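Note that the structure is a prediction, hence the values are computed from the model and not measured.
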Amino acid sequence: MSIQSFPKSQGSVFQQFKEMVKYWAAAARPYKYYFLGIYFFYAIGIVAEHILTPIYYQKIVDGMVVASSEIADELLASRYQNLIQLIIIVGILSLTRVLMYRAGDWFFDYFRMGTVRNLENGMFGDYLKHGRRFFVNNFAGALLNDHRQMRGAFDVFMDHGTFTFFWWLIVFTGSLVALAFIFPIGAIGILLWFILYLIVVVLVSKRKLKHERKVAALNSSMTGLLADNLSNAMTIKTFGAEKREEGHFQKRNEVRYHARMRNKYWSRWRNGLQGGMLVILDVFVLVAGAYHWMTGRISPGTIVLILYYARNISNEVWNFSRMINSMTQAYADANKFMEHIRAQPDIVDPESTSRRKLRRGHVHFRDLSFTYPGGTKVFKDFDLEIKAGEKVGIVGPSGSGKSTLVTLLQRHMDVQHGGVLIDGVDIRQLPQAYVRSKISLVPQDPSLFHRSLRENIAYGKPDATMDEIIAAAQKAQAHEFILETPKGYDTMVGERGVKLSGGQRQRIAIARAVLEAETAPIVVFDEATSSLDNKAEKEIQEAIDAALAASTRTAVIIAHRLSTLRNVDRIIVMDQGRIVETGNHTQLMLQDGLYAELYNSQMLEVG
């Protein structure tokens, strides 16, 4: 199911539910014949067990009663033979039930597991269709919770749709039709009762839904808060803030507790009403059935059949009520994920893309203007051209727009005016994934996957050979420390690379960028040494120099520490979204402008 298939507006509850079912149906479409098989075989089993078998029970009971009191001895043998035939039929129906249920189970398992696999794959893919803003504005833990609840909601609807609603539909309809032939007044009474019962359930469930939604939203928020605190556990301990964070968590959890209690209050109300109405149904059937038996209108076997059907209806209606309860909660849970699906990605690929390939790495920020969604203006009529193969450093005080340039180059955001061109092609005319595959990025704080060092280095080139991986690690000066780890290149790095030092993570990121040299003509170092100590900075700078030596790639080096830019071809000095100076290190020092001021200030700090 494509993320663009849903409108931005949420619409009515029915419209939201319809969208949810369409999303599930897209995942289930390859298994539609398994879906039909489920209900075909289950339907035969249900009819055999709940509709036909009771009819033969009624005949057996009536046959036994007549045989024991009204039939002469010479006719008993034939009556007993008839009873044996009825019992054999019941046995055949029981065997049919078992075989049909097992066949239905087989189809159900294949349908469910295949659909869940497609659903999980689709949900993950739809998350990744969103842009930078989406992930900045949502907790990773909350997104994980919403993903899990959407998958759980499908299980709830599948289970109840099959084993509750479908059962209820056949048993209720079949029992009611059978009663209409043998006990018409009872069938009419049950039908009128059910209409009233359904009205009550729908009205109460509609009132309860807003509480279900609030609880679902609070569950997602609390999961996000918990994940945020756990990922920052060492920061909490460093500041001795355990009690403060406990108090904050408890305060938020108290809000969820009261929301849950209000939700349970309505659950008790609904269950009480439903239970009371079921008592009325049972009493009505018993009184009406007993009256008709006492007046000789129905036989003992028929009264047994009536009570059996009535109990069937009562049980299935109660299960139907539980289904409504569970589905209401599941709908509220799943709707939280659907809100993410309805939200259109801030960056979308063009319907028709340019066929031109990016091979040289010529970059042109052409006459661009850009303002963040919050209203902060960064660039106006900004123009910067970087030739293919040129090594350019970009410096400036915080807030000057350096990192925003990287964000725009990778098209995590779009400019409002002008354009970002690579090899003469506006990147908005190309698929996002293709553009980003042509740019290697070494960020200030590299994020590694909890996978092996080998897999992390080869992330941008999954088909890289081991020799290529080692060569890239050697250029990044990572090979030596990798060999010292317990399993070498197969060592797992922990979540976000937590088992490695900051300098080691940077060298792995540089090795990853080196390995992409053949396919990515542009490499960006975004303040890659700013968070390291002097020793680690020197090692990383040597790794960067080695990675760029004799390289024909275009390099953009955003640096906080200006001493790292002495070997670049050109330095761009930015301030408040404008280029204020340009030249090499010597030329800029002679200008005695902002660059010289920043450089001298850093030298004084080092001194």
Using modelled atom types only, decide if a donor and an acceptor are shared between the side chain of Q344 and the backbone of R342 within a distance under 3.5 Å.
yes
Cation-pi geometry met for R260 and Y257 (6.0 Å, 45°)
no
For A259 against V215, the heavy-atom pair lying closest together
O-CG2, 3.7 Å
Donor-acceptor check, side chain of Q432 to backbone of I347, threshold 3.5 angstrom: yes or no?
yes
Report yes if some heavy atom in the side chain of L408 is under 4.5 Å from a heavy atom in the side chain of M413; otherwise report no.
yes
Could you label the plane-to-plane angle of the F41 and F107 rings as parallel, tilted or perpendicular, counting under 30° as parallel and over 60° as perpendicular?
parallel
Which heavy atom in R512 sits nearest to a heavy atom in N456, and how many Å separate them?
CD-O, 3.1 Å
Answer yes or no: are there more than 12 heavy-atom neighbours, outside F40 itself, under 6.0 Å from its atom CZ?
no
A180 and P184 have their tightest heavy-atom pair at O-CG, 3.4 Å
From CA spacing to verdict: side-chain contact (heavy atoms from CB on, under 4.5 Å), Y331, Q16
CA-CA 9 Å; Y331 163 77; Q16 292 172 11; 2.5 Å; yes
Audit row: R252, S221, side-chain hydrogen bond (donor to acceptor under 3.5 Å, both in side chains) steps and yes/no:
CA-CA 9 Å; R252 294 273 296 273; S221 174; 2.5 Å; yes
Output, in order, the C-alpha distance, side-chain angles, deciding distance and verdict of side-chain contact (heavy atoms from CB on, under 4.5 Å) for F124 and E120.
CA-CA 6 Å; F124 179 68; E120 290 175 334; over 6 Å; no
More than 12 heavy atoms of other residues, nucleotides or ligands under 6.0 Å from OH of Y434: yes or no?
yes
Once salt bridge (Lys or Arg N to Asp or Glu O under 4.0 Å) is applied, do any residues pair with R436, and if so which ones, sequence neighbours excluded?
none
Quick one: are the ring centres of Y31 and Y110 less than 6.0 Å apart?
no
Heavy atoms only: give me the nearest N312-H50 pair and the separation to one decimal.
ND2-O, 3.5 Å
Side chains of V524 and S440 in contact at under 4.5 Å (non-hydrogen atoms)
no
Going by heavy atoms in the side chains, are E246 and K243 under 4.5 Å from each other?
yes
Please confirm whether the ring centroid of W24 lies under 6.0 Å from the ring centroid of F157.
yes
Reported OG1-to-OH distance for the pair T302 and Y308, which is rounded to 0.5 angstrom:
15.5 Å
Could you walk me through whether D109 and R112 pass the salt bridge (charged side-chain N to carboxylate O under 4.0 Å, His left out) check?
CA-CA 5 Å; D109 290 339; R112 182 177 189 169; over 6 Å; no
With side-chain contact (heavy atoms from CB on, under 4.5 Å) as the test, would you mind laying out the steps for Y101 and L99 before giving the verdict?
CA-CA 6 Å; Y101 284 169; L99 293 176; over 6 Å; no
Decide if the gap between the ring center of F370 and the ring center of Y372 is smaller than 6.0 angstrom.
yes
Do L119 and Y23 have side chains that get closer than 4.5 Å, going by heavy atoms?
yes
State whether the side chain of N137 and the backbone N or O of R133 hold a donor-acceptor pair below 3.5 Å, judged by distance alone.
yes
Interatomic distance, I439 atom CD1 to L358 atom CG [nearest 0.5 angstrom]:
8.5 Å
Please step through salt bridge (charged side-chain N to carboxylate O under 4.0 Å, His left out) for the pair E516 and K438, ending with a clear verdict.
CA-CA 8 Å; E516 291 181 299; K438 298 301 176 181; over 6 Å; no
Nearest non-hydrogen partners of A27 and T115, listed with the distance:
CB-O, 3.9 Å
F337 ring center within less than 6.0 Å of Y127 ring center:
yes
To the nearest 0.5 angstrom, please state how far the CG atom of L52 sits from the CG atom of L93.
5.5 Å
Quick one: does any side-chain atom of S175 pair with a main-chain N or O of V171 as donor and acceptor, under 3.5 Å?
yes
Do V420 and D426 come within less than 4.5 Å of each other through their side chains, counting heavy atoms only?
no
In terms of the angle between their ring planes, are F108 and Y42 parallel, tilted or perpendicular, with boundaries placed at 30° and 60°?
tilted
Can you give me the closest heavy-atom contact between V90 and Y56, atom names plus distance?
CG2-CB, 3.7 Å
Checking the side chain of N121 only, and the main-chain atoms of R117 only, is there a donor and an acceptor separated by less than 3.5 Å?
yes
Say whether, by atom type as modelled, one donor and one acceptor occur between the side chain of Y309 and the main chain of I51 under 3.5 angstrom.
yes
Does any part of the side chain of R428, heavy atoms only, come nearer than 4.5 Å to the side chain of D414, both counted from C-beta?
yes
Evaluate the side-chain proximity of L368 to H417: yes if any heavy-atom separation is below 4.5 Å, no if none is.
no
Determine whether I182 and L179 satisfy the following criterion, side-chain contact (heavy atoms from CB on, under 4.5 Å), listing intermediate values before the conclusion.
CA-CA 5 Å; I182 62 175; L179 280 175; 4.3 Å; yes
Would you say L430 and I422 make side-chain contact, with heavy atoms under 4.5 Å?
no
Value rounded to 0.5 Å, distance of CG in D346 from NE2 in H412:
10.5 Å
Apply ring pair (Phe, Tyr, Trp, His ring centres under 6.0 Å) to F134 and H340, showing your working.
CA-CA 9 Å; F134 175 81; H340 303 318; 5.4 Å; yes
What side-chain donor-acceptor pairs closer than 3.5 Å can you find for residues 161-169, not counting sequence neighbours?
unit_1: T162; atom_1: OG1; unit_2: Y39; atom_2: OH; d: 2.9
unit_1: T162; atom_1: OG1; unit_2: M158; atom_2: O; d: 2.9
unit_1: T164; atom_1: OG1; unit_2: H160; atom_2: ND1; d: 3.0

How far does NZ of K18 sit from CD of Q15, to the nearest 0.5 angstrom?
5.5 Å
Residues, nucleotides or ligands: over 12 heavy atoms within 6.0 Å of Y57 OH:
no
Interatomic spacing from CD1 in I92 to OG1 in T53 - rounded to 0.5 Å
11.0 Å
